[in-house]
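Each ligand, and each atom within it, is numbered from 1 in the order the structure gives. Given the structure is predicted, the values throughout are model-derived calculations rather than measurements.
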Amino acid sequence: MSIVYLSGEYLPADEAKVPVNDRGFLFADGIYEVTPAYRGRLFRWDQHCARMARGLGSLRIDFDPASLKAVKEGLLERNGLTGAPVSYVYVQVTRGVAPRTHAFPDPPVAPTVYGFANQYIRPSMERWSQGYDAITIPDQRWARADIKAIALLPNALAQQAAVDAGVTDTIFVRDGIALEGSHANLFAVFDGVLTTAPRSNYILHGVTREFIIELAGGLGIPVEERSFTLDEFYAADEAFLSGTTTEVRPSVKVDGRTIGDGKVGPVSRSLFESFLATTGGS
Ligand code: PDD
């Protein structure tokens, strides 16, 4: 039985109970973060914490996420994950428990904090090297995809569309622009240039995205942060998704069309190798 964290307590998952009037339950009124840990060490917590602070600020939830570092470490410890090659630690903060009215409770109530940790089993290099299929879907999310809100219904529907289509990933397209995956950022390679949508309100500003851009810099791979259309994307030489729970996942077929030569390309491969070397994975 996994041990979770709920508002100040560590307890078995089946004993953790949230009141029905929690605004996370009623309105999806909250912010979450998923931070990777390699051999029990949180990776880029400062960046995850800063994004969470921005999200909480946007929602005007008065909570300092800095205290969650110890919670995340406590979850790794209590779930025996300090030696695991890769784990993920999830935390969410909701506005708290109050009778249902759309406006914020006045006076404010204490936020609800919930967290859990899981081990992640990375696919074998053999599987990874085959690449993955994706489909695209119209992006019907709200115009603040940069806020890591727990309101993920469009993302869940998008991922289910991938399951229904028998593929691994879904890519959101808005006004003809290929933006990002249902839970990952999107990269394409055009004539050797690693390209990804610019940071805007239409994508999540991924911590892994920044990491990949840095790795590309170290490898001498040119990077351009610019929008590209779906038609351009279909004609890319390589494509991959990046994220905490995705790492670097190459897409070799999108909407049934082959990307590049249909094989995982050299840029994706060298970035993933660099990713593994930097995080201590293999
Ligand atoms: N998702 N874009 C979206 C829509 C995401 O939900 C995520 C992460 C990312 C990648 O962000 P990062 O590199 O910081 O993990 C991009 C998390 C992992 C999730 O929903 O489980």
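- Heavy atoms from both the backbone and the side chain of V207 come within less than 4.0 Å of ligand 1.
- Taking the six-membered ring for Trp, F211 and F43 have ring centres closer than 6.0 Å.
- Distances shorter than 4.0 angstrom do not occur between any heavy atom of Q47 and any atom of ligand 1.
- Side-chain contact of S268 with E238: a donor-acceptor pair under 3.5 Å is present, judged by distance alone.
- If you look at Y90 next to ligand 1, there are no close heavy atoms at all, none under 4.0 Å.
- Here the protein heavy atom with the shortest distance to atom 2 (N) of ligand 1 is E180 OE1, 2.6 Å.
- Atom 21 (O) of ligand 1 has V34 CG2, 3.7 Å as its closest protein atom, hydrogens excluded (heavy atom only).
- Counting atoms of ligand 1 from 1 in the listed order, those under 4.0 Å from a heavy atom of N185 are 10 (C), 16 (C).
- Closest to atom 15 (O) of ligand 1, if we only count protein heavy atoms, is T244 OG1, 2.5 Å.
- Salt-bridge annotation for R144 and D146: present, with a side-chain N of the basic residue lying under 4.0 Å from a carboxylate O of the acidic one.
- If you look at Y132 and F240, their ring centroids are not closer than 6.0 Å.
- When heavy-atom distances to ligand 1 are checked against a 4.0 Å cut-off, A145 has no atom that comes that close, whether in backbone or side chain.
- Taking every heavy atom of G206 and a limit of under 4.0 angstrom, the matching atoms of ligand 1 come to 11 (O), 12 (P), 13 (O), 14 (O).
- A parallel orientation is assigned to the rings of F272 and W128, their planes being inclined by less than 30° (bins at 30° and 60°).
- Residue, atom and distance of the protein heavy atom nearest to atom 18 (C) of ligand 1 are T245 OG1, 3.6 Å.
- Residues F27 and H102 have side chains in contact (heavy-atom distance under 4.5 Å, counting atoms from C-beta outward).
- Of the protein's non-hydrogen atoms, the one nearest atom 8 (C) of ligand 1 is K148 NZ, 3.3 Å.
- At a threshold of 4.5 Å between non-hydrogen side-chain atoms, the residues Y88 and T35 do not count as touching.
- With atom 16 (C) of ligand 1 as the reference point, the heavy atom nearest to it among S182, P36, A184, S242 is part of A184.
- Scanning all protein heavy atoms for the shortest distance to atom 13 (O) of ligand 1 gives T208 OG1, 2.5 Å.
- The nearest heavy-atom contact from the protein to atom 20 (O) of ligand 1 is Y32 OH, 2.6 Å.
- Taking the six-membered ring where the residue is Trp, F116 and Y90 present parallel rings, their angle staying beneath 30° rather than reaching 60°.
- Contact annotation: R51 has at least one heavy atom less than 4.0 Å from an atom of ligand 1.
- Distance from atom 6 (O) of ligand 1 to its nearest protein heavy atom, with residue and atom name: H183 CA, 3.4 Å.
- Ionic pairing of R95 and D29 is present here: one or more N-O contacts between side-chain nitrogen and carboxylate oxygen are shorter than 4.0 angstrom.
- Side-chain contact annotation: S182 with N155, donor-acceptor N/O pair under 3.5 Å absent.
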